Amino acid sequence: MAAVGELAVLAHKFITSPQSASSSFCNIIKIGTFCRTVVWPCLPPLLMYQYIRGKDEDMYALEVLYAKSGSRDAKAFYDASRLNGSGHWRLQQDLETIRAAANAE
């Protein structure tokens, strides 16, 4: 338990030591300003790009599955009329399994 206390003290010293000198404090302000003006404004577009890319990859996989299945019923794979994204074929299958188990007699 004493080792945990020593680690906590060491971590606290590591975090607070850069603020001990005024030049270090100025560097922290400069780094913070850089993050606020450059890094943070770049994050939302990057995150949106990753989200769109992931959705596109998932829809492409659905299209390939539909094409290779030879089926003519596209709604069996993705039904856009269902609520809250539950139209994906895997979600439809899972919801049907839950419904069958809940209504078992």
Side-chain angles (χ1 to χ4, degrees):
M1 198 62 167
V4 174
E6 290 175 20
L7 283 176
V9 169
L10 183 64
H12 182 263
K13 285 181 181 177
F14 180 73
I15 292 170
T16 57
S17 67
Q19 298 178 3
S20 61
S22 62
S23 62
S24 301
F25 190 69
C26 288
N27 286 336
I28 289 173
I29 291 173
K30 288 177 187 176
I31 291 170
T33 304
F34 176 76
C35 287
R36 279 194 315 274
T37 57
V38 177
V39 176
W40 288 119
C42 293
L43 282 179
L46 286 174
L47 294 173
M48 194 63 165
Y49 172 72
Q50 289 295 328
Y51 172 76
I52 291 170
R53 195 169 145 201
K55 277 296 224 186
D56 190 39
E57 185 177 331
D58 187 38
M59 289 297 139
Y60 176 73
L62 271 176
E63 289 177 12
V64 169
L65 181 65
Y66 172 65
K68 299 236 182 212
S69 71
S71 175
R72 295 282 171 229
D73 184 20
K75 288 195 180 234
F77 293 94
Y78 190 81
D79 188 1
S81 65
R82 296 190 60 140
L83 296 176
N84 297 333
S86 63
H88 192 283
W89 71 275
R90 202 63 168 144
L91 283 172
Q92 288 179 22
Q93 181 182 8
D94 293 344
L95 289 172
E96 182 61 29
T97 303
I98 292 169
R99 187 198 63 75
N103 296 329
E105 300 203 20

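None of these values were measured; they are calculated from a predicted model.
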Please name all residues satisfying side-chain contact (heavy atoms from CB on, under 4.5 Å) with [X], sequence neighbours left out, ordered by chain then number.
| X | result |
| --- | --- |
| L46 | none |
| T37 | T33 |
| V4 | none |

Taking ILVMFWY side chains as joined if any heavy atoms are under 4.5 angstrom apart, and letting links pass through other members, which residues group with [X]?
| X | value |
| --- | --- |
| Y60 | V64 |
| W40 | L43 |
| F34 | V38, V39 |

Measure the spacing between SG of C42 and CG of L47 and express it to the nearest 0.5 Å.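 Rounded to the nearest 0.5 Å, the SG-CG separation comes to 11.0 Å.
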In the structure I gave you, are the side-chain heavy atoms of K30 and N27 within less than 4.5 Å of one another anywhere?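 Yes. Closest side-chain heavy atoms under 4.5 Å.
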Output side-chain donor-acceptor pairs under 3.5 Å for residues 50-57, partner residues at least two apart or in another chain, one line each.
none

Please report the shortest heavy-atom distance between C35 and P41, naming the atom on each side.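 Closest heavy-atom pair between C35 and P41: O-CD, 4.2 Å.
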In chain order, what residues pass the side chain to side chain donor-acceptor pair (under 3.5 Å) check against E96, with sequence neighbours excluded?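 With sequence neighbours excluded, E96 shows a side chain to side chain donor-acceptor pair (under 3.5 Å) to R99, given in chain and number order.
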